[in-house]
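Working notes, beginning with the structure itself.
Below, read A as the first sequence line, B as the second, and so on, with proteins coming before strands; counting in each chain starts at 1.
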2 protein chains.
Amino acid sequence: MFERVLIAEDHENTSLSVKRALIDLGVEDPKYVAYCDQALSWIRKGLNIAQPYDLFITDLSFVEDHTIQEITDGAALIKAVKEIQPELKILVFSAEGRPEVISSLIRDLGIDAYVRKARHDVQELRSAIESIAKGKTYFPIQIRQTTRENNSFAFTPYDTTIIRLLAQGAKQKEIPQYLKEHKIIPTGLSSLEKRLNLIRDVLGFSTNEQLIAYCKDFKII
Amino acid sequence: MFERVLIAEDHENTSLSVKRALIDLGVEDPKYVAYCDQALSWIRKGLNIAQPYDLFITDLSFVEDHTIQEITDGAALIKAVKEIQPELKILVFSAEGRPEVISSLIRDLGIDAYVRKARHDVQELRSAIESIAKGKTYFPIQIRQTTRENNSFAFTPYDTTIIRLLAQGAKQKEIPQYLKEHKIIPTGLSSLEKRLNLIRDVLGFSTNEQLIAYCKDFKII
DNA sequence: TTTTGCTTTACGGTTTCCCGTAAGGAAAGT
DNA sequence: ACTTTCCTTACGGGAAACCGTAAAGCAAAA
């Protein structure tokens with residue numbers, strides 16, 4: 001079983017349950033922090049004093065409060081952690097249920113396990129921790145299947161720029177002006193229209209409203 | 001202190017922490033359910049056998065799973081509970097942070113306490129329970145002050161319906177047809193245009209795209 | 001240089017949306 | 001019965017978006 005475990009979780013009640021589950025599994029003294037920055041700094045400290053953590057359990061969403069943080073969400077935290085201690089095992093424990101989001105954590109950040117906060121999450125948590133301890137991964141069943149059937153569109157930086165502008169209330173005919181000022185090509189209104197048309201077409205959408213909703217759902221903007 | 005307490009919470013880990021907090025406060029044997037329908041039926045049963053609950057702690061959001069439920073969210077559950085046992089003390093324990101939502105629970109449903117899942121939620125939970133036991137209410141400070149400075153718009157069911165339709169790709173001129181079929185009034189295209197115009201105006205938006213982005217951000221749809 | 005192929009832009013017709021005005025229609029008060 | 005008020009709907013002009021086509025630009029190959 002793991003020697004040194006760190007929990008990053010902003011809901012105190014959840015952190016207590018996670019801690020208890022770890023103790024039940026034989027983990028000596030699981031540590032707990034409520035802020036992303038603190039998590040990163042503790043992991044760094046663990047490396048410095050040659051007592052690195054061997055398991056990191058983190059939430060995805062952290063509510064902001066009065067203390068200003070560099071890192072404000074779990075995904076960014078994981079990325080930062082991976083940079084200073086790439087081999088550290090990471091388990092994400094979150095209420096997030098969208099397959100795309102979870103898949104992206106697995107694909108892009110290389111997490112080792114995902115447990116969704118749900119009706120039997122404590123049980124799942126134990127299974128996941130035991131899996132990681134054996135060198136395996138642990139993911140929800142739906143995810144293990146559907147990492148491939150990715151009907152999503154490959155948004156270019158150009159795409160996300162114009163979509164973000166629309167979401168901020170810009171009118172299409174105002175956007176070429178912005179593109180010129182920021183030296184983003186193509187700048188023409190026609191190109192922009194054509195591009196939006198293509199995106200909508202590929203994704204099977206009929207309106208810009210629908211596209212914005214989609215991008216918000218999948219955190220593309 | 002309370003004699004009979006029921007917890008409705010779909011995250012097992014949270015339910016365990018709440019249960020523990022109650023036991024620490026001297027509650028004999030707090031009961032726990034993970035589904036809304038089950039909560040309602042247990043409360044009904046308590047009344048039938050002349051052992052009514054005297055405190056009900058509930059979450060707001062319940063993730064749907066395979067078991068089909070009549071009631072699918074905490075607000076509806078509270079409403080149903082109030083109908084069969086109006087004097088039952090109700091504490092809402094949720095991650096929801098939007099003041100409008102919390103205010104509406106207090107104003108429209110008459111809840112007795114609200115504790116947000118956060119960095120010191122267990123501590124807060126204890127305080128809230130003790131407050132209710134003394135016949136007082138317990139609400140976050142910002143709520144007690146700012147039921148006024150509400151820069152957000154009060155979306156009606158009508159509003160969310162048409163916005164949801166837009167987000168699903170419906171064209172405005174198609175929506176009146178839908179409204180007629182579903183007997184939602186007003187059905188006219190003009191009313192719809194006027195309403196959207198008002199919403200955008202109040203929120204300071206210039207396009208529908210911006211409105212959709214806002215509604216997604218604040219989980220209005 | 002010219003040709004070829006691709007991307008970007010310009011332009012016009014059509015549709016949709018926007019928004020003001022005015023006409024209906026129901027409920028409540030006089 | 002007659003206003004008054006509020007809400008809903010109808011209509012029309014103008015703006016914006018949509019979409020096809022054609023022209024212009026531009027880079028690599030001939």
Side-chain angles (χ1 to χ4, degrees), chain A residues 152-218 220-221, chain B residues 104 108 150 152-217 220-221:
Chain A
S152 105
F153 180 79
F155 287 89
T156 66
Y158 178 78
D159 298 335
T160 55
T161 301
I162 61 178
I163 291 171
R164 190 170 291 112
L165 286 170
L166 287 177
Q168 289 166 359
K171 301 195 170 161
Q172 286 184 201
K173 56 179 236 171
E174 297 169 356
I175 294 183
Q177 176 65 18
Y178 175 93
L179 295 175
K180 278 183 200 119
E181 286 170 4
H182 291 75
K183 310 250 185 287
I184 299 167
I185 52 170
T187 55
L189 176 58
S190 268
S191 299
L192 187 146
E193 290 174 334
K194 220 170 287 291
R195 187 70 194 165
L196 282 173
N197 192 13
L198 172 71
I199 297 171
R200 285 196 307 265
D201 202 40
V202 169
L203 294 173
F205 295 161
S206 59
T207 65
N208 277 344
E209 285 93 332
Q210 196 176 7
L211 175 59
I212 300 291
Y214 173 88
C215 289
K216 281 292 180 185
D217 278 343
F218 293 157
I220 288 158
I221 55 169
Chain B
S104 110
D108 305 334
N150 194 358
S152 112
F153 182 79
F155 289 87
T156 66
Y158 178 79
D159 298 336
T160 55
T161 301
I162 61 178
I163 291 170
R164 189 169 293 114
L165 286 169
L166 287 177
Q168 288 166 359
K171 303 198 167 157
Q172 285 184 202
K173 58 177 231 170
E174 297 169 354
I175 294 182
Q177 175 66 16
Y178 175 94
L179 296 175
K180 277 183 202 120
E181 286 169 5
H182 290 75
K183 308 250 185 287
I184 299 167
I185 52 169
T187 55
L189 176 59
S190 266
S191 299
L192 186 147
E193 291 173 335
K194 220 172 286 294
R195 188 68 193 167
L196 281 173
N197 190 15
L198 171 71
I199 298 171
R200 284 196 307 264
D201 201 42
V202 169
L203 294 172
F205 295 161
S206 59
T207 65
N208 277 346
E209 285 92 332
Q210 195 176 8
L211 175 60
I212 299 291
Y214 173 89
C215 289
K216 281 292 179 185
D217 280 344
I220 288 157
I221 55 168

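Here the closest non-hydrogen pair linking B/Q210 and A/G169 is OE1-CA, 3.1 Å. In terms of heavy atoms, B/P176 sits closest to B/Q172 at CD-O, 3.1 Å.
The CG atom of B/D201 sits 9 Å away from the P atom of C/dC19 (whole-angstrom rounding). Residue B/Q177 contributes atom CD, which lies 14 Å from atom P of D/dT9 at whole-angstrom precision. One can place OH of B/Y158 at 12 Å from C1' of D/dC7, the figure rounded to the nearest angstrom. In this structure, A/K171 places its NZ atom 16 Å from C1' of D/dC18, rounding to the nearest Å. In this structure, the NZ atom of A/K180 is 8 Å from the P atom of C/dT9, given to the nearest Å. Atom P of nucleotide C/dC6 and atom CG of A/L198 are separated by 16 Å, given to the nearest angstrom. To the nearest angstrom, P of D/dA17 lies 13 Å from CD of B/Q210. Distance NZ (A/K194) to C1' (C/dT8): 9 Å, rounded to an integer number of Å.
Applying the 4.0 Å criterion to OP1 and OP2 of C/dT9, one finds that A/S191 has a side-chain N or O inside that range. Between A/N208 and D/dC18, a side-chain N or O to OP1/OP2 separation shorter than 4.0 Å is present. Side-chain N/O atoms of A/T187 include none lying less than 4.0 angstrom from OP1 or OP2 on C/dT8. Dashed line: the shortest gap from a side-chain N or O of B/N197 to OP1 or OP2 of C/dC19 is under 4.0 Å.
Side-chain contact check for B/T161 versus B/L165: some heavy-atom pair is nearer than 4.5 Å. Side chains of B/Y178 and B/I184 form a contact here, defined as non-hydrogen atoms less than 4.5 Å apart.
Across the interface with DNA chain D, nearest-nucleotide mapping of B/E209 and B/G188 shows B/G188 to be the residue nearer the 5′ end. The residue among B/L189 and A/S190 whose nearest nucleotide of DNA chain D lies closer to the 5′ end is B/L189.
Within 4.0 Å of A/R195, counting heavy atoms only, lies no atom of the nucleic acid at all.
If you check C/dC18, D/dC18, C/dC17 against the side chain of A/E193, the one that comes closest is D/dC18.
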Using side chain to side chain contact (heavy atoms under 4.5 Å, CB included), reason through B/I221 and B/F155 one step at a time and then give a plain yes or no.
CA-CA 10 Å; B/I221 55 168; B/F155 289 87; over 6 Å; no
